[in-house]
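Computed from a predicted model, the values in this text were never measured in an experiment.
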Amino acid sequence: MKVNYFISLLVFGILVFTGCDNDDDATRSGNQMVESAFEAMYPDATRVSWEKEGQYYVVDFWSGNMEKEAWFDSNGAWYQTESDILFAALPEAVKTAFLSGDYKDWRIDDVDLFERKDTGTFYVLDVEKGNQEYDFHYSPDGTLTGEIIDL
C-alpha cells in the first residue's frame, strides 16, 4: 500500500513539473531576420516577449531598468522604439515647457520616449484631470508638436 502511494506521488510530481516546462516558443517571433535585427540592436534585452501587430513584429522587453517596446517589419527593418521613462528623465526643455504651460497642475499618468526611423525622437506626456485626458507630444527642444485628446 505504501509503495503504491509513493509511486502515485512520484508520477503526480513528474506530471506537475513537466507541465511547468518553460516553453520558449512564446518568446520568439518566428522570423529569424526580425530576431537577429532585434538582438543586434538590443543585446542586453531581458524579459522578451513577441507579438504581431498588423505588418509589424512588436517585442516587449527590458533594457537596463527601462521597459521598452520595439517594432520591426518582416524584413527585420526597425521602425520605432517606445520607452517608459520617468518625468525626471525628460530633457530640461521638455519639463520646463510642460511646467510653464496651461496643464501644469494636471496629473501626469505616463511619460514615454519615442524613437522613430523617419521622424526621430519625441516625448509623449499622458496627463489627466477628472474625466479629461490628453497626450502632449514634445520635441527634445521642448516644442509642443501635438495635443491629442484621449477619448
Side-chain angles (χ1 to χ4, degrees), residues 12-151:
F12 178 76
I14 290 170
L15 291 174
V16 167
F17 287 114
T18 302
C20 294
D21 185 23
N22 184 9
D23 184 3
D24 287 339
D25 292 342
T27 61
R28 310 299 286 177
S29 73
N31 180 319
Q32 189 57 45
M33 288 190 300
V34 175
E35 289 176 23
S36 295
F38 169 73
E39 290 167 3
M41 197 167 185
Y42 298 102
D44 67 334
T46 60
R47 296 191 268 182
V48 176
S49 67
W50 292 89
E51 62 184 305
K52 190 91 170 20
E53 295 264 344
Q55 65 185 20
Y56 294 101
Y57 289 90
V58 181
V59 56
D60 292 309
F61 63 100
W62 284 79
S63 180
N65 62 350
M66 262 193 256
E67 186 175 4
K68 296 179 175 263
E69 179 180 275
W71 294 54
F72 295 87
D73 70 16
S74 60
N75 295 316
W78 173 78
Y79 173 70
Q80 77 172 8
T81 300
E82 175 185 352
S83 303
D84 288 335
I85 64 171
L86 299 173
F87 183 83
L90 286 169
E92 286 302 317
V94 176
K95 289 191 277 192
T96 300
F98 176 76
L99 293 174
S100 63
D102 294 336
Y103 298 91
K104 63 183 173 245
D105 61 336
W106 286 41
R107 186 176 81 76
I108 299 171
D109 186 44
D110 190 35
V111 178
D112 295 308
L113 160 65
F114 281 85
E115 299 163 287
R116 285 200 177 148
K117 176 181 165 183
D118 297 328
T119 58
T121 299
F122 64 96
Y123 299 88
V124 177
L125 280 69
D126 180 6
V127 300
E128 58 186 41
K129 188 172 191 179
N131 291 334
Q132 294 181 301
E133 293 185 33
Y134 283 91
D135 286 341
F136 294 112
H137 293 225
Y138 289 92
S139 65
D141 69 1
T143 302
L144 179 63
T145 59
E147 292 181 28
I148 300 172
I149 298 173
D150 282 346
L151 300 175

First locate atom [atom1] of [X], then atom [atom2] of [Y], and finally report the distance between them rounded to the nearest 0.5 Å.
| X | Y | atom1 | atom2 | answer |
| --- | --- | --- | --- | --- |
| Gln132 | Asp150 | CD | CG | 11.5 Å |
| Asp73 | Tyr56 | CG | OH | 7.0 Å |
| Ile85 | Leu90 | CD1 | CG | 4.5 Å |
| Ile148 | Phe136 | CD1 | CZ | 10.5 Å |
| Leu144 | Leu125 | CG | CG | 9.5 Å |
| Asp126 | Tyr134 | CG | OH | 12.5 Å |

Closest heavy-atom contact between [X] and [Y]?
| X | Y | answer |
| --- | --- | --- |
| Asp44 | Gly64 | OD2-N, 3.8 Å |
| Gly76 | Ala37 | O-CB, 3.1 Å |
| Met33 | Ser74 | CE-O, 3.5 Å |
| Pro140 | Thr121 | CD-O, 3.4 Å |
| Val58 | Glu69 | CG1-CG, 3.4 Å |
| Ala40 | Pro43 | O-CD, 3.8 Å |

- prompt: Ignoring hydrogens and geometry, is there a side-chain-to-backbone donor-acceptor pair from Trp78 to Gln80 under 3.5 Å?
  reply: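 Yes.
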task: Report the C-alpha separation of Phe114 and His137 in whole Å, then their side-chain angles, then the decisive distance to 0.1 Å, and conclude whether the side-chain contact (heavy atoms from CB on, under 4.5 Å) test is met.
output: CA-CA 10 Å; Phe114 281 85; His137 293 225; over 6 Å; no
pair [X]-[Y]: side-chain heavy atoms closer than 4.5 Å:
| X | Y | result |
| --- | --- | --- |
| Phe98 | Val127 | yes |
| Tyr79 | Gln55 | no |
| Tyr123 | Pro91 | yes |
| Phe87 | Leu99 | yes |

message: Show me the pairs that pass salt bridge (Lys or Arg N to Asp or Glu O under 4.0 Å) and involve residues 97-115, at least two apart or across chains.
response: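 Every salt bridge (Lys or Arg N to Asp or Glu O under 4.0 Å) pair that includes a residue of residues 97-115, provided the two are not neighbours, is Asp105-Lys129, Arg107-Asp109, Arg107-Glu128.
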query: How far apart are the C-alpha atoms of Asp60 and Glu67, what are their side-chain angles, what is the distance that settles it, and do they pass the side-chain contact (heavy atoms from CB on, under 4.5 Å) test?
result: CA-CA 8 Å; Asp60 292 309; Glu67 186 175 4; 5.7 Å; no
- prompt: Sequence neighbours excluded, which residues qualify as ring-ring contact (aromatic ring centres under 6.0 Å, His included) partners of Phe38?
  reply: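 Residues passing ring-ring contact (aromatic ring centres under 6.0 Å, His included) with Phe38: Tyr42, Trp50, Phe61.
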field: Partner set under side chain to side chain contact (heavy atoms under 4.5 Å, CB included) for Gln32, not counting sequence neighbours
entry: Glu35, Ser36
